[in-house]
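The shown structure was predicted, so the numbers you read here are calculated from the model rather than taken from an experiment.
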Amino acid sequence: MNLTKLTSAILLGAALLTGTVACSKQDNSTAQTSQTTSHKSTSAKSSDSSQTNDSSTETTNSVKTEIGKIKLTQQEAIDKFHSQFSGKQIKSIDLSLEGKQYVYEIEGFDDTHEYSAEINAETGHASSVHSERLDHDDRNEQALNLDGIISRDEASVIAEEHAHGTSQEWKLDQEHGKTYWDVEVVKGRQSTEVKIDAHSKKILETEHDD
């Protein structure tokens with residue numbers, strides 16, 4: 001009888017020891033799995049961040065490459081416009097990307113007609129030269145006041161410091177008798193338009209486009 005009890009006690013102890021070892025192994029396995037999952041999650045986040053930074057850098061470098069192709073100054077573009085439409089007043093000057101090339105689009109007017117021309121910023125070639133009669137409602141248009149305005153480069157510096165990106169497109173226009181720069185600044189996939197008074201350098205408006 002005592003031998004039977006002793007045998008049972010030994011067997012029970014062995015079973016408890018086996019269970020403890022098994023639980024210990026399971027806990028270690030769970031901990032290792034948790035650590036592996038955490039590492040993978042951290043790696044995925046790091047990879048996403050790296051890809052975002054790479055995309056932002058790639059966009060910035062691409063923009064800078066295209067900007068480097070701008071050979072024609074704004075005044076030279078205006079002169080090209082006047083060679084097509086002598087003596088006309090300037091209404092707006094737009095410098096923007098069309099495909100892989102920068103193009104000036106200049107609009108002008110006189111008492112009876114409005115005029116437009118697209119001028120390649122690298123080659124100086126004029127295209128899409130067009131004129132048409134003014135609508136009655138457009139006969140009170142005002143010309144751009146170009147005296148004493150800040151340059152495109154100055155407008156770019158102001159816009160980039162404000163929006164923390166790279167200037168990509170520019171428009172010189174007027175509203176209520178005030179000439180202003182409208183600068184598009186890009187950072188990765190985000191685009192911000194910064195409107196700047198071309199005389200006072202004051203930022204008039206900011207608009208984000210994610």
Side-chain angles (χ1 to χ4, degrees), residues 56-110 114-130 141-188 190-209:
S56 178
T57 301
E58 183 179 349
T59 300
T60 299
N61 290 339
S62 176
V63 170
K64 289 181 178 179
T65 298
E66 301 306 326
I67 290 174
K69 297 178 182 178
I70 300 174
K71 306 300 182 185
L72 213 65
T73 67
Q74 180 170 286
Q75 185 56 54
E76 288 172 333
I78 291 173
D79 292 341
K80 291 278 185 181
F81 175 83
H82 282 148
S83 70
Q84 298 289 331
F85 305 111
S86 179
K88 309 309 178 187
Q89 298 191 80
I90 302 296
K91 176 183 175 182
S92 65
I93 304 170
D94 192 350
L95 179 58
S96 59
L97 266 174
E98 292 190 7
K100 292 291 185 179
Q101 293 183 323
Y102 270 100
V103 175
Y104 286 97
E105 181 178 358
I106 300 180
E107 296 183 348
F109 64 97
D110 59 18
E114 58 184 0
Y115 310 87
S116 64
E118 293 184 0
I119 302 162
N120 189 296
E122 182 177 7
T123 66
H125 175 70
S127 62
S128 300
V129 178
H130 179 72
E141 290 183 319
Q142 292 181 319
L144 284 176
N145 178 10
L146 300 176
D147 293 334
I149 66 170
I150 60 175
S151 67
R152 176 169 61 85
D153 288 342
E154 290 178 281
S156 295
V157 170
I158 295 170
E160 288 172 2
E161 288 180 350
H162 180 71
H164 308 292
T166 302
S167 298
Q168 178 176 256
E169 297 187 341
W170 306 262
K171 185 171 185 179
L172 191 58
D173 208 339
Q174 70 88 28
E175 186 176 42
H176 306 306
K178 288 187 176 182
T179 301
Y180 66 87
W181 280 102
D182 195 353
V183 184
E184 180 184 358
V185 178
V186 294
K187 183 179 181 181
Q190 185 181 54
S191 173
T192 305
E193 289 189 10
V194 184
K195 188 175 180 179
I196 305 166
D197 188 306
H199 287 96
S200 70
K201 305 181 185 180
K202 179 181 178 181
I203 294 175
L204 304 174
E205 187 177 326
T206 303
E207 183 176 340
H208 298 282
D209 183 15

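- Panel note: side chain E76, backbone T73; a donor-acceptor pair is recorded below 3.5 Å.
- Taking 4.5 Å as the limit, every side-chain heavy atom of Q190 sits out of range of all side-chain heavy atoms of D209.
- Checked for salt-bridge contact, K69 and E66 meet the test: a charged N lies under 4.0 Å from a carboxylate O.
- A distance of 10.5 Å separates CG in D110 from CD in E141, rounded to the nearest 0.5 Å.
- Closest approach of G165 to K187, counting heavy atoms only: CA-CB, 4.2 Å.
- Residue A77 comes nearest to I106 through the heavy atom pair O-CD1, 3.5 Å, listed as atom of the first residue, atom of the second, then distance.
- Residues that satisfy the side-chain hydrogen bond (donor to acceptor under 3.5 Å, both in side chains) test with S167, not counting sequence neighbours, are E160.
- Distance NE2/H130 to CD/Q84: 13.5 Å, rounded to 0.5 Å.
- Checked by atom type and distance alone, the side chain of W181 never pairs as donor or acceptor with a backbone atom of D173 at under 3.5 Å.
- Inter-residue side-chain proximity for I119 and H125 is flagged as unmet; no heavy-atom pair is nearer than 4.5 Å.
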One pair to check against side-chain contact (heavy atoms from CB on, under 4.5 Å): S92 and K171. What are the steps and the verdict?
CA-CA 7 Å; S92 65; K171 185 171 185 179; 4.2 Å; yes
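- Contact annotation: the side chain of S86 never approaches that of K88 to less than 4.5 Å [non-hydrogen atoms, C-beta and beyond].
- Of all the heavy atoms in G124 and L72, the pair that sits closest is CA-CD2, 3.9 Å.
- By the 4.5 Å heavy-atom criterion applied to side chains, E122 and I70 are not counted as neighbours.
- Looking only at side-chain heavy atoms (C-beta outward), I203 and V194 come within less than 4.5 Å of each other.
- Exactly one of E107, H82, Q174 qualifies for a side chain to side chain contact (heavy atoms under 4.5 Å, CB included) with I90. That residue is H82.
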Does S116 form a side-chain hydrogen bond (donor to acceptor under 3.5 Å, both in side chains) with E105? I'd like the steps, not just the answer.
CA-CA 7 Å; S116 64; E105 181 178 358; 5.4 Å; no
Test side-chain contact (heavy atoms from CB on, under 4.5 Å) applied to Q74 and I93, step by step:
CA-CA 8 Å; Q74 180 170 286; I93 304 170; 4.1 Å; yes
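- Using a 4.5 Å cut-off on side-chain heavy atoms (C-beta onward), I150 and I196 make contact.
- Between L172 and L146 there is a side-chain heavy-atom pair separated by less than 4.5 Å.
- Environment of NE2 in H199: crowded, with over 12 heavy atoms of neighbouring residues, nucleotides or ligands closer than 6.0 Å.
- Between D182 and K195 there is no salt bridge, since no side-chain N of the basic residue sits under 4.0 Å from a carboxylate O of the acidic one.
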Please report the C-alpha distance between E169 and L97 in whole Å, then the side-chain angles of each, then the deciding distance to 0.1 Å, and finally whether the side-chain contact (heavy atoms from CB on, under 4.5 Å) criterion is met.
CA-CA 7 Å; E169 297 187 341; L97 266 174; 3.7 Å; yes
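- Here L204 contributes atom CG and D197 contributes atom CG; the two are 5.5 Å apart, rounded to the nearest 0.5 Å.
- Nearest heavy-atom pair across F109 and K91 is CD2-CB, 3.9 Å.
- By the ring pair (Phe, Tyr, Trp, His ring centres under 6.0 Å) test, F81 is found to be paired with F85, residues two or more places apart in sequence or in another chain being considered.
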Report the C-alpha distance between Y104 and W170 in whole Å, list the side-chain angles of each, state the deciding distance to 0.1 Å, and finish with yes or no for side-chain contact (heavy atoms from CB on, under 4.5 Å).
CA-CA 10 Å; Y104 286 97; W170 306 262; over 6 Å; no
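- Between the OG1 atom in T166 and the CD atom in E184 there is a gap of 11.5 Å [rounded to 0.5 Å].
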